[in-house]
Amino acid sequence: MKRQARGSGPTTIASTSAAERNTETAETDDAVDTQLSRRLGRADLRAVPEARRALRELLRGWGKPGRSETAELLTSELVTNALVHTDDDAVLTATVSPAGLRVEVRDSVPGRPRPSVPNADDSTHGRGLVLVQSLADSWGVRAQGAGKVVWFELAAGAA
């Protein structure tokens with residue numbers, strides 16, 4: 001299903017089984033991954049709440065209580081970082097599988113972000129990656145093309 005959200009690029013929510021994707025690692029026929037993909041317009045901070053809403057819809061009924069709220073928070077941090085610290089579009093991808101959730105935000109800036117301890121003068125800045133580091137089951141950064149992908153994972157069953 002494709003939708004056009006006001007102020008952002010198309011959102012795609014798709015459900016595909018491993019067999020449909022022709023992957024060699026398909027272990028079971030009934031394992032289904034669901035994916036959200038959204039292009040985020042350059043410096044368009046309206047994309048942050050829109051991304052949260054789309055992720056909330058994707059995660060309806062997923063995981064233990066509180067997991068989807070944690071996913072929304074961490075996603076909004078990565079999306080905000082990509083929009084505030086880059087001069088180009090970004091792409092959000094979230095994939096839900098029976099094992100858990102993986103969220104990736106790709107941008108065009110090659111620099112590797114690092115969690116930093118916020119100081120008292122930065123009342124709302126500098127906490128995003130610290131939150132991701134603290135709340136995600138795993139997270140990281142990898143180079144991709146001229147830019148990078150910042151990602152995190154949450155297991156569905158973790159508390």
Side-chain angles (χ1 to χ4, degrees), residues 1-16 20-21 23 33-60 62-63 66-97 99-156 158:
M1 154 174 59
K2 288 192 182 235
R3 295 182 313 185
Q4 181 74 29
R6 184 181 45 133
S8 67
T11 297
T12 304
I13 300 176
S15 177
T16 58
E20 290 173 309
R21 289 188 315 273
T23 61
D33 292 354
T34 305
Q35 188 171 73
L36 162 75
S37 181
R38 172 170 284 187
R39 179 165 296 282
L40 309 167
R42 179 170 85 67
D44 182 7
L45 292 179
R46 293 174 301 184
V48 177
E50 292 170 2
R52 286 181 74 125
R53 278 191 293 278
L55 186 68
R56 186 177 311 124
E57 181 179 318
L58 177 72
L59 298 179
R60 193 175 319 255
W62 172 81
R67 291 309 269 176
S68 62
E69 290 84 357
T70 300
E72 285 182 49
L73 172 65
L74 300 183
T75 299
S76 65
E77 294 297 335
L78 294 188
V79 168
T80 300
N81 283 350
L83 295 176
V84 169
H85 298 293
T86 66
D87 291 327
D88 204 353
D89 294 352
V91 176
L92 164 67
T93 305
T95 305
V96 179
S97 70
L101 170 70
R102 181 177 176 96
V103 172
E104 298 182 346
V105 177
R106 185 181 75 221
D107 66 44
S108 61
V109 174
R112 190 170 181 86
R114 298 182 195 282
S116 62
V117 177
N119 63 44
D121 296 337
D122 291 335
S123 61
T124 61
H125 299 288
R127 292 176 173 79
L129 287 179
V130 173
L131 284 171
V132 173
Q133 184 178 40
S134 298
L135 298 174
D137 295 327
S138 60
W139 79 283
V141 181
R142 74 172 189 274
Q144 183 165 339
K148 67 181 168 304
V149 173
V150 183
W151 60 270
F152 72 85
E153 294 180 342
L154 292 173

Test side-chain contact (heavy atoms from CB on, under 4.5 Å) applied to [X] - qualifying residues, sequence neighbours left out:
| X | answer |
| --- | --- |
| A71 | L55, L59, L101, L154 |
| A51 | V79, L92 |
| S134 | V130 |
| R42 | D89 |

For this session: Determine whether V150 and N81 make a side-chain contact, defined as any pair of heavy atoms from C-beta on separated by less than 4.5 Å.
Result: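 No - every pair of side-chain heavy atoms lies 4.5 Å or more apart.
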Nearest 0.5 Å please: distance from the [atom1] atom of [X] over to the [atom2] atom of [Y].
| X | Y | atom1 | atom2 | value |
| --- | --- | --- | --- | --- |
| W139 | L131 | CH2 | CG | 11.5 Å |
| T95 | L36 | OG1 | CG | 8.5 Å |
| E69 | L74 | CD | CG | 11.5 Å |

Exercise. Does the R112 side chain pair with the main chain of V141, one donor and one acceptor, at a distance under 3.5 Å?
Worked result: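 Checked: pair present.
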Problem set entry | R67 side chain vs A155 backbone, donor-acceptor pair below 3.5 Å |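 Between the backbone of A155 and the side chain of R67 there is a qualifying donor-acceptor contact (under 3.5 Å).
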For this session: Let me see the working for L45 and V84 under side-chain contact (heavy atoms from CB on, under 4.5 Å), right down to the final yes or no.
Result: CA-CA 8 Å; L45 292 179; V84 169; 4.0 Å; yes
For this session: Sort and list the pairs that fulfil side-chain hydrogen bond (donor to acceptor under 3.5 Å, both in side chains) and have at least one residue in residues 142-156, not counting sequence neighbours.
Result: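 The answer is R102-E153, E104-R142, D107-K148, S138-E153, R142-Q144.
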Problem set entry | Exercise: identify the closest heavy-atom pair between G41 and L83 |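 The pair with the smallest heavy-atom distance is O-CD2, 3.2 Å.
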Exercise. Considering all heavy atoms of both residues, which atom of F152 and which atom of A136 are nearest to each other, and what is their separation?
Worked result: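 Taking every non-hydrogen atom into account, CB-CB, 3.8 Å.
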For this session: Show the numbers, then the answer: is there a side-chain contact (heavy atoms from CB on, under 4.5 Å) between L73 and L135?
Result: CA-CA 10 Å; L73 172 65; L135 298 174; 3.8 Å; yes
For this session: Begin from the C-alpha positions of R52 and T75 and carry the test side-chain contact (heavy atoms from CB on, under 4.5 Å) through to its verdict.
Result: CA-CA 7 Å; R52 286 181 74 125; T75 299; 5.9 Å; no
Problem set entry | Selection residues 75-88 - residue pairs positive for salt bridge (Lys or Arg N to Asp or Glu O under 4.0 Å), sequence neighbours left out |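 Sorted result for residues 75-88: empty, none.
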